[in-house]
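Chain A is the first sequence line, chain B the second, and so forth, proteins listed ahead of strands; every chain is numbered from 1. Just so you know, these numbers use all the heavy atoms, side chains as well, and skip hydrogens, waters and symmetry mates.
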Amino acid sequence: MGIWELRHPQREHAQANVEHGTRLPSPRGRRKAGSHTVGGPSDIDPNPHSTTMSRFYGLLTQQLGTRHPMTDSIDGDASGGGGMLEAARREKLKKIKELGVDPWGGRFDDHEAIGQIRAREGEIEIEPQGDCATGQPPEQHGPKVRAAGRIVLSRKKGKLIFIDIRDWTGQIQLFVGRNQVGEEAWELAQCFDLGDLIGVDGELKKTKTGELTIFAEKLHFLTKSIEPPPAKHKGLRDPELRQRMRYLDLIHTEGALERALRRTKIVQSVRNTLASQGFVEVEGPTLHAIAGGAAARPFTTHHNALDIDLFMRIALELHLKRLLVGGIERVYELGRVYRNEGISPRHNPEFTMLEVYQAYGNYETMMDLTEAVIVDAIRAMESGPLSLRERARVMAGGETNSAEAAKTTSDSDSPHPRPLSQRERGDVGMTLPWGDAEIDFTPPFARKTYDELFVEHTGIRADDTAGIARLAEQIGFSTAGKHPDVVKSFVFEERVEGALTGPIFVLDYPASICPLTKRKATNPAVAERFELFIQGMEVANAYTELNDPDLQEELFASQLAGLPEEESMAKMDRDFVRALRHGMPPAGGLGIGIDRLVMLLTNSQTIREVILFPLLRPEKEGDV
RNA sequence: GAGGUUGUAGCUCAGUCGGUAGAGCAACGGACUUUUAAUCCGUAGGUCUCGGGUUCGAGCCCCGACAGCCUCACCA
């Protein structure tokens with residue numbers, strides 16, 4: 001992590017470094033420790049607001065012409081390129097202050113989103129008599145606009161600068177001419193760096209080449225960026241940097257911001273769908289005395305005042321079911337759960353889970369709900385207010401590769417996507433890209449039983465215990481002493497699940513591997529459970545919930561009996577069993593892994609792409 | 001936790017057989033009032049992740065550590 005090490009000393013001693021920069025450099029810049037300086041640090045007021053220092057500095061730079069503030073470093077002082085880049089920016093920061101401008105800006109009212117400004121292109125009036133002979137562009141009158149954004153590109157051309165600024169709805173070019181903005185603003189513009197946030201007032205017109213442009217009349221400085229940005233076109237490629245510095249990723253990686261916003265739209269849509277069906281959202285405790293509801297290792301923590309060990313929740317289930325007992329008949333929670341387990345492209349220690357319970361429903365009720373939740377989420381994601389940026393790009397003459405960009409609606413300032421018309425629904429389509437492939441989400445999703453799929457993918461009859469055991473041994477599974485259903489489940493996971501590109505509901509699991517599920521009345525060997533598979537990933541899991549308190553207690557006990565000592569922090573949740581004794585209505589229950597759903601809907605191959613801040617090992621002390 | 005792989009300038013990446021460290025972008029100085037990955041001239045920028053070892057000599061070979069990624073295990 002070279003950059004972390006190089007950067008650190010600068011930050012710590014930033015002020016000192018700037019002072020070093022003001023020394024009269026030795027002939028070739030570099031200087032050894034202990035060498036004398038003329039007008040060294042002690043002569044300089046370290047207060048950056050000081051006019052004394054400013055004048056001194058201005059004088060120096062005038063006299064010296066070329067200056068390399070970081071080159072005369074002293075021992076122990078990193079003099080990397082980054083330090084130079086940062087020093088150059090701090091120079092400009094100082095100059096901005098000298099100009100009487102606050103480099104950290106303030107409230108900036110009445111600016112329009114760049115996407116909206118771009119949509120005003122039609123308001124530009126062009127006088128017909130352009131003079132082609134002299135190359136004079138035809139007279140134009142455009143609307144006065146005000147925008148704010150981050151500088152992402154700039155092209156200096158003498159007494160003229162073209163600056164591209166970007167906000168979260170789009171990007172637009174500014175024309176900053178010395179004669180047009182005046183001397184003061186021109187001086188200010190000399191202090192602009194890539195990454196700075198600026199505001200502009202100007203007239204929306206087109207350049208000779210037809211580029212929609214704000215011809216600046218007034219410039220506003222909104223915030224200085226001290227850190228140099230990554231390569232302006234390639235952006236951040238290193239996945240580690242992208243995750244550690246997500247803010248940079250969002251600014252510079254194509255599609256990163258869009259993906260993040262799509263996630264929020266999906267989550268919003270899930271809530272809308274559930275609300276529209278009468279479900280209410282609750283917030284259960286995340287600190288549990290007993291971590292129940294799933295088989296997973298919990299994180300442990302401690303409450304000091306009560307002096308008790310607590311667990312971060314690993315599931316939402318047991319508290320939601322208590323609420324079912326309490327009479328909240330349609331209840332859900334959409335929130336974070338924590339599992340102290342491995343990290344992989346599909347696993348993050350904290351992840352977002354949706355659990356839904358519906359009184360008097362069963363797993364089939366949940367199947368319909370699952371389908372609705374997903375289909376609605378796709379429609380929401382593909383419409384509404386957050387596609388402004390994509391639209392802006394299309395209007396800028398960029399590639400119109402996404403059909404979605406063309407059909408998004410501009411009237412959508414509401415937080416909720418409006419219902420789409422029949423025609424729009426057809427346009428949106430239910431097929432989404434997934435790597436080189438596609439996923440067809442057009443409802444209804446396929447529904448097949450566990451046994452059907454087993455035969456289909458293994459060629460072995462579901463009741464051929466011996467044949468299944470042979471195959472299991474072949475794959476490398478020791479079948480000795482195992483229940484036939486456990487063996488079958490292993491083979492299913494190995495040979496079937498990965499092949500399920502889906503979306504497909506797998507129904508009716510062997511009862512013995514689903515202890516917390518009600519069995520089919522017609523066939524007690526089969527549990528009323530389904531899992532939804534998409535691209536080999538388990539996305540949803542649902543049951544007809546067990547509400548027999550005695551059976552539940554028995555199953556808890558037998559489950560705990562098999563656990564080794566250190567894992568038996570999972571204790572019997574007696575209060576939960578007591579709740580069941582008071583009568584929990586028969587119910588359908590559903591769990592959806594939101595991160596995985598978002599992955600599938602946004603064509604993200606790893607969970608770290610859809611979690612803004614995935615867990616990483618911390619940087620070493622001093623590396624930041 | 002195991003195996004594989006990667007770590008070079010602020011960013012993106014080259015670096016041959018072990019022989020004094022390279023490019024593009026970014027930065028700095030200069031020219032340029034319709035550019036758009038602007039162009040042109042010039043300048044500067046390096047603890048080759050860290051620590052050992054082999055060698056006359058290591059970015060390169062060996063050992064160890066740290067971090068990312070991939071696969072597997074645990075799991076959703």
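Among the protein residues, A:K232 comes within range of the sugar-phosphate backbone only, with heavy atoms under 4.0 Å from sugar or phosphate atoms but none that close to a base. Using a 4.0 Å heavy-atom criterion, one finds that A:A295 contacts the sugar-phosphate atoms exclusively. The residue A:T606 sits close only to the backbone: its heavy atoms come under 4.0 Å of sugar-phosphate atoms, none of a base. Counting any heavy atom pair closer than 4.0 Å across all strands shown, A:Q180 reaches a base atom. If you check every strand for non-hydrogen atoms under 4.0 Å, A:K92 touches sugar and phosphate atoms only. Heavy atoms of A:N340 sit nowhere under 4.0 angstrom from any nucleic acid atom. A:L236 comes within 4.0 angstrom of sugar-phosphate atoms only, judged by non-hydrogen atoms across all strands, and of no base.
With P as the reference atom, B:G24 and B:U39 are 12 Å apart, rounded to whole Å. Rounded to whole Å, the P atom of B:A65 lies 10 Å from the corresponding atom of B:G3. Nucleotides B:G18 and B:C13 have their C1' atoms positioned 23 Å apart, rounded to a whole Å.
A tilted orientation is assigned to the rings of A:H319 and A:H288, their planes being inclined by 30° to 60°.
In this structure, B:U55 makes no Watson-Crick or G-U wobble pair, since no nucleotide meets both defining distances under 3.5 angstrom.
Considering only heavy atoms from C-beta on, A:K232 stays 4.5 Å or farther from A:V152 through its side chain.
Comparing B:C13, B:A67, B:U35 by their nearest atom to the side chain of A:E240 picks out B:A67.
A heavy atom lying under 4.0 Å from RNA chain B marks none of the residues of residues 486-493 of chain A.
None of A:R608, A:R346, A:R263 except one satisfies the side chain to side chain donor-acceptor pair (under 3.5 Å) rule with A:D595; the exception is A:R263.
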